[in-house]
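What follows is a set of notes on a single structure, which appears directly below.
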Amino acid sequence: MTSPMNSRHQLLPVASGRQVRDALRALMSPHGLLAAGAATMLLAGNIAALVGPPVLGSIVDRVVEGADEDALITPVLILLLSTLAAAVGTALGTSLIAQLGEAMLARLRERVVERALHVPIGLVERAGTGDLVARVSGDVSVVSTSVREAFPAVLGAGLTIGLTVVGLGVLDWRFALAALCAAPIQALTLRWYLRASGPVYASERAAEGELSQTLYDSIDGASTVRAFRLQEPHLTAAAAGSEGVVRIALRAANLRTWFFGWLNLAEFVGMTAILVAGFLLVRADAVTVGMATAAALYFHRLFDPINTLLALFDDVQSSVPALARLVGVAEMPLSSERIEAAAPADASMALEGVSHAYDAGHEVLHGVDLRIAPREHISLVGASGAGKTTVAKLLIGAIEPTEGHVCVGDVPATAIAPEALRRTVAMVSQETHVFAGTLADDLRLARPEASDAALRESLTAVGALGWVEALPAGLDTPVGSGGHMPTSTQAQQIALARLLLADRPVVILDEATAEAGSAGARTLEAAATTVIEGRTSVVIAHRLSQAVEADRIVVMDAGRIVEAGTHDQLVASGGAYARLWTAWASARE
Amino acid sequence: MVPLVLGQAIDRAIEPGDWSSLALWLGVLAVVFVWLSFSWRYGHRVAMRVEERASHDLRLLVARRVVHPGGGLSASRMPGELLNIATSDARQAASVAVLVAANAAAVAALLVAAVILLRVSPGLGLLILAGLPPIVGVLHLLGRPLEARASREQAEAARAAGIATDLVSGLRVLKGIGAERAGAQRYLHASGASRDAAVRAARLFAGYEAMAMLLVGAFLALVAYVGGRLALAGEISVGDLIAAVGLTQFLIGPFTRLAYSGAMLARARASAERIAAVLATPYGAEGGDTLLPTPQGALAFEGVTHGTLRDFSLAVAPGEMVSIVAPHGSDAQTLVQLLAREDEAASGRVLLEGAPLPSIDLAAARAALVVAPHDAAIFAGPLRENLAPWSPSAADLERIAEATAADEVVGALPEGWDSHVTERGRSLSGGQRQRIALARALAADPPVLVLHDPTTAVDSVTEARIAAGLAEARPHRTTIILTTSPALLAASDRVVLVLDGQVAAEGAHEELTHTSPEYREAIG
């Protein structure tokens, strides 16, 4: 975010064309056999379908010759059989293609979500979850449509066209040549169209992304919009975004009509060429009228697939930016792909000369030194904006220091595999999120193999078992979006229960008890005491009743540590902490 | 038209080898193409315009419903789901416009073809025209299970997208406990289910397509056979035979389109139903038609029983600053829901300026009474934009920033009030967001302002500053604070303790700390 005013959202990476191709190849490679099977079936089906026009042509020939009626039976039977073969081949081919496409698609979106969950949190905070949400839902749906509809159709149409041109050549090579008269016009049209429409589609996608971000902001903050009667500005912004999308979509539609206009011209030229060729060839007795008919029918039959193919270039093209956005996320390096991997020696933590700036040149933390012994309880206090949360984010590895080192168990955090780091440090902040699903599912995110008894035990420890058992289906009650919405105290109890289940040697509580009223806060404080028991802990709390109990209180101000010591020492020294304590205690006298 | 011209060209020009006739029919072909091209071009543009406008209108209808003053929607749906409905479903539902145009074109093509066929040979024409509708009928019947599959496929896809959205929204929490892998695993299951549903739907679709191909192909063979016999008998010309076969082959297009449109219509309908469900969600509160021209700021509860409240009564005088201490979160929550008009009192009355809330025009009620949500959203954009609707003067802005300690927040940002904040204000810390939200509430300057735990994320020194600032910032305005913070309580004119859904004690903070052990317990 070097210049936050330049762009509204710092976007996540978008893959280059080459990366997209490589990624597709990698996705395809495990399914070689399936792809071969699908191609064979489609080919067989299309060859069978090719039999139609010459057979119809032979019927015309027999009519012209004035053969007897029984002579029609054989061609008609052939026609029926070829239709059957074409139907079966195409059906098998398309379902195999679907299987292939869906498998690749599923793998891709799974990778996208996996990477999305593993990206450094700071990056997501800047790009906005809206962008990520748009990628995992909107872009996935665009690419899905393309995989489900455009891709098989393009393949089928391509095969039909190729084979039909071969069929024309089999009738007489000059027919194939005549049909190819249309090709230059089609090629030029396509080239022009791809060039003209590329930027239009890119801006269409951008406008749609902007619109979803705008809508998401309003939807997510709907209660605030209602409370402050902000409907007017929000709906105006949504309308403006939506109008932008409409304008660009119509521009694209306009281009499309020109595109098809040119294609019609190509059809006309090709048809004329075929008819003239047939005329000349029949006159020269090189082909029969039936063959000329077959040639004309062949070419006429090409109209649909050619239009399909060229038109779907459109769909495929519009899905390319979406695909690039998906691959962009899917190909983000997993930070665990680090070569050297050391293990933390113990449950100590340290900040060594750590400075941090979220925006270049705007440092919020200045040369902080802090050593935390194994199982030491630290309480971090100070005014809002003093840098406490930044320290917490550094300790958990959510952000990396601009200068200095973060050490976990005497090993620099950068040398530890993120997986190992995650097994060492866990954090609960004041931001709560209850994941949609049953309460048991939610808790098991922290320890997937936990038994129901273990879940109950952790809920008991944070004092939540009472209300959980009162839920309609206990642990199996759906919670989160679309289910039971726990109060903020309950949500934090769930978060602390998850922390217990995760069972990490180091825990960080950043305002984990702040959201509740004071009665709730006391419940949560008791829960927090249980959670930090026997672990290294850093607790950030504005309620100083929590600080009193700590082994050491560290006071921060304006990005620096200004005092450290026990409660009694600091109160006696009459510094910043003593002032905070006086303000806190006097209100409670 | 094209097959007809082809048939005539082959019959009249190629067979006899007549140059002038070839030229004539090529000319006719040219005219047909020009006509075709132009009518399609304008038809398509019109249909697209209709689709895009409809899609736009639907998007805005959904957005309007979501932020409607009556509320009632947010609790039951994920934001991601609503976003999907406002974007993807709006588009899908609007695609009916182009579908209808395409179907109309298909029907017109069928009619023209019918007329031509009947003129060529009444017998053959009747065969084709009588034979095709049953085929379409059968195809339609066969297509019916596709709709169910398609909607299951969509439901699975939506579920997977919902889970992805949910996980991404809770990403910070997920990362806090190192559960990225478990989360990814959960998505893996949903994505797999979605894939399987999609493959099943695609197989069914392929089978359906094969049946359609087979039926139409068999019919084509029949037409060729009958046409061939008629031509052999000399009842129709070779050109007519080619036209008949060509038209039958051509007709596969419009017919398949018509048959497919069932499935597409089903998708569009499913989307339209989801949109309709959102639009039809009952409002949490309905407004009456009482307007409040000059609200003074009087608020009263009269025997309200709702949620955890039992026969709750409380009167707040204009200009008063009252704090309500409700140690049980659900009491506070119920009060907030009633005042924010997210819910109606089951019994008893809430009076604003002496008028029951449900009788007051919603807009008027929300203008006179603002409930600042505890989890208020700070919107993306320059910080200043969040206060822009009330366009505070520079002096007011300074006064408000000082009263809410937002001045420290703004001072710490690189570009002050012009600094850009990311969505939901996530580039700010919790305490910073709370102060900006508080500044916005003061900028709105309503006659009655309700604040729900406004200072939970700020330190005690800043909290003391805010408490003093609040008391001065709204001299003749009513302010109600739901809090247990001693600093805010001490700054209030009056404090009300709510226990078991009823007022248990009231008085000044000083007084209650001495007289009420429950009060001391509640704020400790």
Side-chain angles (χ1 to χ4, degrees), chain A residues 4 59 63 72 76 79-80 83 87 91 94-95 98 102 106 110 113-114 117 128 132-133 136-137 216 219-225 231 238 242 246 249 253 257 264 268 279 282-283 296 362 383-384 422 426-427 430 433 436 445-446 448 481 487 498 502 514 517-519 542 583-584 587-588, chain B residues 6 14-15 17 33 37 41 48 52 56 59 63 66-67 74 78-79 82-83 161 164-166 168 170 173 176-180 182 184 187 191 195 198-199 202-203 206 210 213-214 217 221 225 228 231 327 329 373 376-377 414 420 423 429-431 456-461 464 484 486-487:
Chain A
I59 293 177
V63 170
L72 295 180
V76 167
L79 208 55
L80 281 175
T83 307
T94 18
S95 48
E102 290 297 333
E110 285 156 13
V113 170
E114 192 205 352
L117 296 183
L132 214 49
V133 165
V136 297
S137 60
Y216 191 77
I219 292 172
D220 203 35
S223 63
T224 305
V225 172
Q231 282 88 354
S242 180
V246 169
T257 59
N264 281 336
F268 171 71
F279 179 82
V282 169
R283 251 164 83 119
H362 196 77
S384 308
R422 271 199 293 279
M427 172 165 95
Q430 63 179 335
H433 186 89
L445 279 172
S481 302
T487 66
R498 278 194 222 113
S518 67
H542 290 130
W584 165 262
R588 281 164 180 75
Chain B
L6 285 188
I14 294 183
E15 223 228 311
F33 264 105
S37 183
R41 181 174 305 176
M48 276 305 288
E52 287 297 334
H56 170 78
R59 278 194 290 265
V66 171
V67 299
S74 327
M78 306 191 213
L82 284 172
L83 178 63
T165 309
D166 184 47
V168 171
V173 174
I177 51 166
E180 292 97 329
Y187 179 69
S191 164
R195 177 197 57 215
V199 168
R203 284 206 186 119
M213 222 166 155
L214 206 59
Y225 179 66
H420 203 89
E423 45 135 15
S429 78
T456 46
V458 299
D459 61 277
S460 49
V461 171
T484 49

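All values derive from a computational prediction rather than experimental measurement. Numbers restart at 1 for each chain; the letters A, B, ... are given by sequence-line order, proteins then strands.
- Counting heavy-atom pairs closer than 4.5 Å to chain A, the top residue among B:Glu180, B:Arg195, B:Glu52 is B:Glu180.
- Listed options A:Ala238, A:Ala436, A:Ala98 were ranked by heavy-atom pairs under 4.5 angstrom with chain B; first place goes to A:Ala436.
- The backbone N or O of B:Ala184 lies less than 3.5 Å from no partner atom in the side chain of A:Glu114, so there is not a single donor-acceptor pair.
- Residue B:Ala164 comes nearest to A:Val113 through the heavy atom pair CB-CG2, 4.0 Å, listed as atom of the first residue, atom of the second, then distance.
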A:Thr257/B:Met48 under side-chain contact (heavy atoms from CB on, under 4.5 Å): CA gap, chis, key distance, verdict: CA-CA 11 Å; A:Thr257 59; B:Met48 276 305 288; over 6 Å; no
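- Ranked by non-hydrogen atom pairs under 4.5 Å with chain B, the options A:Leu117, A:Val76, A:Leu79 are led by A:Leu117.
- By the side-chain contact (heavy atoms from CB on, under 4.5 Å) test, A:Ser95 pairs with B:Arg203, B:Ala206, sequence neighbours left out.
- A pairwise comparison of heavy atoms in A:Leu72 and B:Gly228 identifies CD1-C, 3.6 Å as the closest pair.
- Comparing B:Val461, B:Thr165, B:Val67 by how many heavy-atom pairs each has under 4.5 Å with chain A, the most go to B:Val67.
- With chain B as the partner, the residue from A:Pro448, A:Ala91, A:Ala249, A:Ala87 showing the most heavy-atom pairs under 4.5 Å is A:Ala87.
- In this structure, chain A has no heavy atom under 4.5 Å from any part of B:Ala464.
- Side-chain contact between A:Val246 and B:Arg59 is present, with at least one heavy-atom pair separated by less than 4.5 Å.
- Of all non-hydrogen atoms in A:Thr224 and B:Ala377, the two that sit nearest each other are OG1-N, 2.8 Å.
- Most heavy-atom pairs under 4.5 Å with chain B, from the set A:Asp220, A:Val225, A:Leu80, A:Thr94: that is A:Asp220.
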